[in-house]
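Just below is one structure, and these are the notes that go with it.
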Protein chains: 2
Amino acid sequence: MAGENLTKGGRRREQILTAAVELFGEVGYRGTSLRDIAQRVGITHPGLLYHFHSKQELLSAVLARRDASDETTFGLHDQPSGREQAKRILELAEHNSKTPGIIELFATLSAEATDPEHPAHEYFKDRYQMVTGAFRTMFEGLAADGDLVAEVDAEVMGVTMVALMDGLQVQWLYSPDSVDVAEAMRNFLRAYLKDPL
Amino acid sequence: MAGENLTKGGRRREQILTAAVELFGEVGYRGTSLRDIAQRVGITHPGLLYHFHSKQELLSAVLARRDASDETTFGLHDQPSGREQAKRILELAEHNSKTPGIIELFATLSAEATDPEHPAHEYFKDRYQMVTGAFRTMFEGLAADGDLVAEVDAEVMGVTMVALMDGLQVQWLYSPDSVDVAEAMRNFLRAYLKDPL
DNA sequence: GTCTATAGAGTGATAGAC
DNA sequence: GTCTATCACTCTATAGAC
C-alpha cells in the first residue's frame with residue numbers, strides 16, 4: 001500500500017495536505033489562506049511553502065492524493081456487474097457520511113471551480129466526464145443483464161446519478177440530520193431496478 | 001408590478017445588483033471584490049458603497065431581489081395540481097437555461113455558503129427547507145391524484161428532486177452543450193408518473 | 001452621487017538567518 | 001526544515017472634497 005512508510009518530511013507533507021483538505025472543504029480554495037493551513041499544522045506560512053512551492057501546487061497535490069486514494073478504495077481492476085457496481089456506490093456513499101471532510105471538499109470545490117479561471121476547473125471538467133461515463137457504463141451493464149424495469153438512456157442516467165449525488169451532498173452539509181445520501185440514492189435506484197439492492 | 005418605475009438612484013442600484021449577480025455567480029461571493037462590481041458598472045468602489053453600505057448588504061439585496069422575482073415568475077397564489085406544478089418546474093428549468101446568470105448564482109453560492117460562517121448560510125438553509133417542502137407537497141399531490149406508478153416517500157422525493165436540479169446545474173456550468181437540465185428532469189419524473197408530461 | 005486619498009488588515013511569495 | 005522580516009499587492013471600509 002503506497003504512502004504508508006513516510007519519511008519525516010513526507011509526514012509533514014501529509015499533515016499539510018490533511019489540513020488543506022479540511023479548510024478547502026470548509027471555506028473553499030479562495031476562502032482559505034496559506035496562513036490558515038500553516039497554523040493548523042503548527043508552522044508558519046513560509047514553512048509551508050518549503051513543502052509546496054505555491055498555493056496552486058498545494059491544491060494540485062490535494063486533488064492528486066484524492067485520486068490515488070479513490071483508486072485504492074474502489075477495487076477498479078475487476079470487471080464487476082452493473083448490480084455489483086451499484087452496490088459499491090451505495091457502500092461508498094455510506095462510508096463517506098462517516099468521513100465528512102472528503103465529501104465536503106468535493107462538494108465545495110466542484111462548485112467553486114465552475115469558473116473557467118479557477119485552477120481546478122479542468123480537473124473537475126475531466127472528472128465529471130470520467131465519473132458520468134462510469135455510471136453510464138453501469139446502466140449499460142444493468143440493461144444488458146436484464147436488471148432494469150424499463151429501457152433507459154444510459155448517457156442521461158449517468159449524468160443524472162452524478163448530479164443526484166452532488167446535490168444530496170450539498171444538502172447534507174446544510175443539515176446532516178435530515179438528509180441521508182445513501183438512502184436517497186438507494187431509493188432512486190429502486191425505481192429502475194427489478195430487484196432492490 | 002413593483003420595481004419598474006425607477007428613480008435615477010434606483011436605476012443605478014439595479015445596475016449594481018445586476019453586476020453583482022453576474023460576478024457572484026461567476027466567481028462566488030468571496031471571489032468577487034467591490035472593485036470588480038463597481039468597474040462593471042463604471043464607477044469606483046466608494047461610489048458603489050454609497051448605494052450599499054457593505055458587501056454583505058449587497059449580498060442580502062441580491063438574494064432578496066431574487067426571492068421577489070421568484071414570486072412573480074411563479075404564480076404561487078393559485079393551488080395547482082401536482083402535475084401542473086411538475087410542468088411548471090420543467091418550464092422554469094427550460095427558461096433558466098436561457099438566462100444563465102440566475103442559475104449560476106445559486107449553483108455557486110449554495111455550495112460556498114455551506115460554511116456556517118458564510119453570510120448567506122442561514123438564507124440557503126431556510127431556502128432548502130422551503131423548496132424541498134414544496135416538492136414534497138407536489139409529490140403528495142401527484143400521489144393523491146393517482147398519477148404515480150408506485151408509492152413514494154414524498155419527503156425523500158422532495159430532497160431528491162432538489163438535489164437533482166442543483167447537481168445538474170453544476171454539470172451544466174461545466175459543459176452546457178452536453179447537459180440538458182430540463183430533459184434530465186423530465187426523464188427523472190417519467191420513471192414515477194403514469195403518463196409522461 | 002461620485003470622486004480621491006487613505007487607513008488598516010490580509011494575501012501569496014521571496015530572501016536570508018539559523 | 002522552519003523561522004523572521006519584508007515586498008508588492010489587494011481587500012473592505014471611511015473621510016472628506018466637489
Output the rounded distance in Å from [atom1] ([X]) to [atom2] ([N]).
X	N	atom1	atom2	answer
B/Leu23	D/dC11	CG	C1'	15 Å
B/Arg13	C/dT2	CZ	P	12 Å
A/Arg35	C/dA9	CZ	P	14 Å
A/Lys55	D/dC9	NZ	P	19 Å
B/Tyr50	D/dA13	OH	P	18 Å
B/Leu34	C/dT2	CG	C1'	15 Å
B/His53	D/dT14	NE2	P	9 Å
A/Leu49	D/dT6	CG	P	19 Å

Electrostatic pair A/Arg65-A/Glu14, nearest N-O below 4.0 angstrom: yes

So, under a plain 3.5 Å distance rule, would you say the side chain of A/Arg12 forms a donor-acceptor pair with the base of D/dG1? no

D/dA13 base to B/His45 side chain: any donor-acceptor pair below 3.5 Å? yes

Any donor-acceptor N or O pair under 3.5 Å, side chains B/Arg12, B/Gln15: yes

State, without any angle test, whether A/Asp126 and B/Tyr174 hold a side-chain donor-acceptor pair at a distance under 3.5 Å. no

Is it the case that the ring center of A/Phe124 lies less than 6.0 angstrom away from the ring center of A/His118? no

Cluster link B/Leu189 to B/Leu168, ILVMFWY, side chain under 4.5 Å: yes

Kindly say if A/Thr44 contacts the phosphate of D/dT2, meaning a side-chain N or O under 4.0 Å from OP1 or OP2. no

Ignoring the backbone of B/His51, work out which of C/dT2, C/dG12, C/dT11 is nearest its side chain. C/dT2

Base, sugar-phosphate or nothing for B/Ile43? Non-hydrogen atoms, less than 4.0 Å. sugar-phosphate

Nearest-nucleotide wise, let me know which of A/Pro46 and B/Ser33 is further upstream toward the 5' end of DNA chain D. A/Pro46

